[in-house]
Protein chains: 2
Amino acid sequence: MKRVYNFAAGPAALPLSVLEKAKEELTDFGGCGMSVMEISHRSAPFQAVADDAEARLRRLLAIPDNYKVLFLQGGASMQFDMLPMNLMHDTKRAYYLNTGNFAKKSAKEAKLFGEVLIPASSEEIGYTALPALTAEMFSEPADYVHITYNNTIFGTTFHKLPEVGDKVLAADMTSCILSEPVNVSDYGVIYAGAQKNLGPAGLTVVIIREDLIGLNENLPAMLDYAVYAKNNSMYNTPPTFAIYMMDLVLEWLEDLGGVPAIYEINKRKAAALYAYLDSSKLFRGIVTKKEDRSIMSVTFTTGDKALDTRFCKEAEAAGLCNLKGHRVAGGMRASIYNAVSEEAVQALIAFMADFEKNNI
Amino acid sequence: MKRVYNFAAGPAALPLSVLEKAKEELTDFGGCGMSVMEISHRSAPFQAVADDAEARLRRLLAIPDNYKVLFLQGGASMQFDMLPMNLMHDTKRAYYLNTGNFAKKSAKEAKLFGEVLIPASSEEIGYTALPALTAEMFSEPADYVHITYNNTIFGTTFHKLPEVGDKVLAADMTSCILSEPVNVSDYGVIYAGAQKNLGPAGLTVVIIREDLIGLNENLPAMLDYAVYAKNNSMYNTPPTFAIYMMDLVLEWLEDLGGVPAIYEINKRKAAALYAYLDSSKLFRGIVTKKEDRSIMSVTFTTGDKALDTRFCKEAEAAGLCNLKGHRVAGGMRASIYNAVSEEAVQALIAFMADFEKNNI
């Protein structure tokens with residue numbers, strides 16, 4: 001078996017040891033004579049998996065006791081609807097920062113449920129930096145302020161949170177959760193699709209302060225945070241295999257030293273790649289403000305479409321896979337999530353340097 | 001490795017050959033050097049998987065060209081909301097037959113979106129048979145008639161469809177899809193959570209006539225059949241691994257001879273088990289009308305709670321697993337879905353006969 005270096009934006013690389021563990025017990029989970037896919041979500045062995053996953057996530061993020069951890073389906077896109085349905089309850093108004101494609105989509109969906117205020121946008125500069133923010137931007141009464149913490153398509157991230165005063169902050173952390181320390185108490189709601197840093201596609205994690213649950217009544221059961229909270233995310237059958245995989249990924253991360261340890265590794269990976277980009281005469285980073293650069297999603301280009309295409313093709317042939325940028329951003333993107341090793345990033349830099357030598 | 005006989009109601013048994021194939025390529029899918037879980041849903045290799053799964057499902061059910069096949073998340077429970085949101089458009093009224101726990105839940109959710117007419121119910125007899133139906137019951141104008149085709153908790157099934165005239169019939173087929181031939185043209189919508197006959201939990205299949213798509217505007221994107229139809233179920237990241245597993249299950253079923261072949265096997269399995277129940281002096285079937293008996297979900301009891309509990313415990317110890325009935329029905333339930341072999345059913349009958357000998 002050959003494994004490649006996988007820079008996919010999501011579904012993305014998983015730790016090899018996690019895949020090997022899953023493989024080993026795929027037809028016989030814990031000696032029960034069945035696959036983990038074949039047992040009831042309400043069985044003791046599976047309940048232990050779900051409990052373990054939640055406990056690990058709570059430890060890794062130091063989630064306070066007054067927050068619930070919910071497991072849902074539908075990805076971040078479903079949260080673009082559920083968040084306003086559940087949280088727009090008083091002013092029926094919310095702030096949305098327009099910092100990327102998914103940020104824009106989340107605002108569009110929220111408009112179906114109430115008033116959306118866009119205090120700042122970087123759409124006009126192609127989302128290549130974050131807009132400048134001031135505390136005054138959030139002066140209207142509103143039920144919450146929504147941010148997309150890491151803008152995976154364009155490669156920007158919030159290294160400093162907006163000053164929202166006592167307003168509830170809600171963050172889409174799909175492409176950065178567990179990559180760096182966060183203070184959960186700064187947020188009312190954190191949500192993340194699993195398929196980047198948590199596990200396979202098909203699972204969404206919501207971390208929500210308890211007082212924000214149950215604000216609106218008569219919601220459809222499957223769209224009501226209160227139903228998930230009350231039923232420990234087992235109102236109906238959850239995506240059991242995805243939860244099992246997340247548990248293994250979280251175990252891997254704890255064994256590695258948790259968020260502080262992976263954060264050091266992630267910083268080294270990003271620093272090395274950006275240092276090369278800044279010194280390169282062929283490649284340049286797409287994000288224009290260095291202080292907005294993501295440590296998870298590194299976007300770059302040669303400025304020449306045909307050359308970008310050739311780069312991706314040659315990289316693929318050399319076992320450096322899935323470097324093509326998102327269609328709306330163009331260029332290249334190296335998603336260097338938690339499971340992408342320093343070795344993979346060093347291999348990418350070496351390949352880019354070689355490519356540069358041959359094409360300049 | 002020992003494998004047990006697994007009668008779980010869902011997540012349920014999967015064919016061993018399917019699990020072994022998935023295991024074999026779990027870290028390296030088709031020689032690409034990545035797991036199928038690690039590749040983009042928009043990549044050519046994954047698109048081929050999704051296309052293959054749809055093509056197989058179309059062949060197996062002879063789905064007409066004017067029907068779309070959609071892959072969603074959230075299980076049947078999410079369809080309890082999506083169906084009325086999308087289909088209640090003209091009269092804003094629908095018929096729901098109250099034939100079981102999930103049927104009742106689906107009607108309850110539908111009431112959030114319009115008027116729900118319940119023409120018949122078997123709730124008062126504990127759902128132990130289907131209510132008698134007449135064509136006159138569906139005489140009011142309504143956007144559709146909803147049935148739960150197989151009532152998995154109580155073990156009843158529609159062996160004859162209600163006469164709904166030219167009304168749209170919508171069916172929850174979660175626990176019976178692909179177990180017997182169906183004429184898709186009889187239905188406007190068929191939906192099914194995957195975790196019984198299709199694959200692992202976390203995937204829902206919707207088969208819908210094209211003219212029923214897009215009837216209501218301004219729906220949340222993730223709750224709009226039109227969005228899934230337009231984007232070939234890839235508006236956002238679908239549950240890729242679950243789709244891959246379904247593709248393998250469908251391949252297994254086609255290799256076996258498709259729905260006609262499995263139907264013969266399923267009939268033999270159910271006939272053998274019911275024949276034993278009808279001849280037993282200890283056990284009896286819970287469904288009171290033989291003509292309503294499900295061939296997928298066989299419910300039975302000794303009539304003695306303590307004895308039922310001991311039976312389940314001793315069966316479990318003998319490698320006959322997950323026979324405990326649903327908490328609202330009590331007794332025992334053998335879910336004998338497609339992936340449960342005739343050998344498993346024969347082993348169950350032999351064990352029951354032994355238990356009977358020792359306890360009568």
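Note on naming: letters A, B, ... go to the chains in the order of the sequence lines (proteins, then strands), and numbering restarts at 1 for each one. What you see is a predicted model, and the numbers here were worked out from it, not measured in a lab.
- When B/G199, B/A8, B/C32 are compared by the number of non-hydrogen pairs under 4.5 Å with chain A, B/C32 comes out ahead.
- Under the 4.5 Å side-chain criterion, counting only non-hydrogen atoms from C-beta, A/M34 is in contact with B/V4.
- Proximity to chain B is absent for every atom of A/L72, based on heavy atoms less than 4.5 angstrom apart.
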Evaluation steps, side-chain contact (heavy atoms from CB on, under 4.5 Å), between A/I177 and A/N197
CA-CA 6 Å; A/I177 193 164; A/N197 265 343; 4.3 Å; yes
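- At a 4.5 Å heavy-atom cutoff, the contact between A/L14 and chain B is made by backbone and side-chain atoms alike.
- At a threshold of 4.5 Å between non-hydrogen side-chain atoms, the residues B/L19 and A/M37 count as touching.
- Side-chain atoms of B/T174 and B/T152, non-hydrogen and from C-beta on, never get closer than 4.5 Å to each other.
- Residues meeting the ring pair (Phe, Tyr, Trp, His ring centres under 6.0 Å) test with A/Y228, sequence neighbours left out: none.
- Using a 4.5 Å cut-off between non-hydrogen atoms, the part of residues 314-329 of chain A that approaches chain B consists of A/C321, A/N322, A/R327.
- Using a 4.5 Å heavy-atom cutoff, the side chains of B/K92 and B/E115 are not in contact.
- Contact of A/A194 with chain B is not made at all, since no heavy-atom distance falls under 4.5 Å.
- Listed by sequence position, A/T240, A/F241, A/M245 are the residues of residues 240-253 of chain A in contact with chain B, using a 4.5 angstrom heavy-atom cutoff.
- Side-chain contact between A/M222 and A/V227 is absent, with no heavy-atom pair separated by less than 4.5 Å.
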From CA spacing to verdict: ring-ring contact (aromatic ring centres under 6.0 Å, His included), A/H146, A/Y96:
CA-CA 5 Å; A/H146 180 273; A/Y96 276 75; 4.7 Å; yes
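- At least one side-chain heavy atom of B/F29 sits under 4.5 Å from a side-chain heavy atom of B/I39.
- Cation-pi geometry between B/K105 and A/Y235 is met: the NZ or CZ atom falls under 6.0 Å from the ring centre, inside 45° of the normal.
- In terms of heavy-atom pairs under 4.5 Å with chain B, the best-connected choice from A/S43, A/S35, A/P238, A/A221 is A/A221.
- Residues satisfying the side chain to side chain donor-acceptor pair (under 3.5 Å) test with A/E24, not counting sequence neighbours, are none.
- Counting only heavy atoms from C-beta outward, the side chains of A/N236 and B/F80 never approach each other to under 4.5 Å.
- Note on B/A13, B/A9, B/G75, B/G193: by heavy-atom pairs under 4.5 Å with chain A, the leading option is B/A13.
- With chain B as partner, the option from A/A201, A/G202, A/P239, A/P11 having the largest number of non-hydrogen pairs under 4.5 angstrom is A/P11.
- Taking the charged nitrogens against the carboxylate oxygens, A/E25 and B/K23 have no contact shorter than 4.0 Å, which rules out a salt bridge.
- A/F113 touches chain B through its side chain: at least one heavy atom from C-beta onward sits under 4.5 Å away, while N, CA, C and O do not.
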Check against salt bridge (Lys or Arg N to Asp or Glu O under 4.0 Å), A/E38 and B/R3
CA-CA 11 Å; A/E38 299 179 295; B/R3 291 268 299 172; 2.7 Å; yes
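- Both the backbone and the side chain of B/N218 have a heavy atom closer than 4.5 Å to some heavy atom of chain A.
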